[in-house]
Amino acid sequence: QVQLVESGGGLVQAGGSLRLSCAASGRTFSNYAMAWFRQAPGKERETVAIIRWNGHNSYYADFVKGRFTISRDGANNTVLLQMNSLKPEDTAVYYCAASIAGGLDPSKYDYWGQGTQVTVSS
């Protein structure tokens with residue numbers, strides 16, 4: 001059974017940092033793209049960052065470039081999202097997802113975690 005389990009969310013002041021983790025299990029993800037999406041209340045789900053599990057290619061949305069870093073820890077089957085210089089507009093539920101196809105379209109992602117809440121206070 002495939003599972004993606006996020007952790008690391010919480011409440012932080014503007015300018016602060018959080019590190020999200022996504023523990024992946026249940027299959028081999030070596031051919032998968034791993035992504036972080038987020039969804040704020042009343043808004044559509046949006047792509048934050050993507051990384052190929054077996055490569056170094058990565059993608060960042062413009063609104064997080066220079067502030068967020070996506071990486072993977074192969075030894076622990078974990079995908080990380082380091083978030084620095086957080087802003088109130090980063091407040092959302094953050095989801096980890098996996099897809100063979102990859103890309104920006106959430107509908108192309110086969111597996112999803114349950115989400116973790118990130119709240120940034122001003």
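Residue Ala14 comes nearest to Pro88 through the heavy atom pair CB-CD, 4.1 Å, listed as atom of the first residue, atom of the second, then distance. Annotation for Tyr60 and Thr69: closest pair OH-CA, 3.4 Å, computed over non-hydrogen atoms. Scanning all heavy atoms of the two residues, the minimum distance from Thr78 to Ala23 falls at OG1-CA, 4.3 Å. The two residues Asp73 and Asn76 come nearest to each other via the heavy atoms OD2-ND2, 2.7 Å. A pairwise comparison of heavy atoms in Ala49 and Leu81 identifies CB-CD1, 4.2 Å as the closest pair.
Note on Tyr95: it does not cluster hydrophobically with Val79, by side-chain heavy-atom contacts below 4.5 Å among ILVMFWY residues. Tyr32 and Ile51 fall within a single hydrophobic cluster, where Ile, Leu, Val, Met, Phe, Trp and Tyr are joined by side-chain heavy atoms under 4.5 Å apart, directly or via other members. The hydrophobic cluster containing Leu80 does not contain Leu4, counting ILVMFWY residues as joined when their side-chain heavy atoms lie under 4.5 angstrom apart, directly or transitively. Val118 and Val93 are members of different hydrophobic clusters when ILVMFWY side chains are connected at heavy-atom separations under 4.5 Å.
For the pair Tyr109 (side chain) and Cys96 (backbone), a donor-acceptor distance under 3.5 Å is absent. Side-chain atoms of Thr91 come within 3.5 Å of backbone atoms of Val120 as a donor-acceptor pair (strictly under, hydrogens ignored). With hydrogens and angles disregarded, no donor-acceptor distance shorter than 3.5 Å links the side chain of Asn77 to the backbone of Ser25. Checked by atom type and distance alone, the side chain of Thr47 pairs as donor or acceptor with a backbone atom of Leu104 at under 3.5 Å. Side-chain atoms of Arg72 come within 3.5 Å of backbone atoms of Trp53 as a donor-acceptor pair (strictly under, hydrogens ignored). Looking only at distances, a side-chain donor or acceptor of Ser99 sits under 3.5 Å from a matching main-chain atom of Ala101.
Here CD1 of Ile50 is found 11.5 Å from CE of Met34. Values are rounded to the nearest 0.5 Å. Between Lys87 atom NZ and Ser122 atom OG the span is 14.0 Å, to the nearest 0.5 Å. Atom-to-atom distance recorded for Ile100:CD1 and Lys108:NZ is 13.0 Å, nearest 0.5 angstrom. The CG atom of Asp90 sits 8.0 Å away from atom CZ of Phe63, with the distance rounded to the nearest 0.5 Å. Taken from CZ in Arg38 to CZ in Arg45, the straight-line distance is 13.0 Å, to the nearest 0.5 Å. We find the CG-CZ distance between Asn31 and Arg52 to be 8.0 Å, quoted to the nearest 0.5 Å.
Phe37 and Trp112 have tilted rings, their planes meeting at an angle from 30° to 60° on a 0 to 90° scale. Ring orientation note: the planes of Tyr111 and Phe29 are nearly perpendicular, at an angle over 60° on the 30°/60° scale.
Counting heavy atoms from C-beta outward, Glu6 and Gln114 have side chains that approach closer than 4.5 Å. In this structure the side chain of Leu18 never reaches within 4.5 angstrom of the side chain of Phe68, judged on heavy atoms.
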Is there a side-chain contact (heavy atoms from CB on, under 4.5 Å) between Val2 and Asp110 once you walk through the steps? CA-CA 10 Å; Val2 174; Asp110 308 296; over 6 Å; no
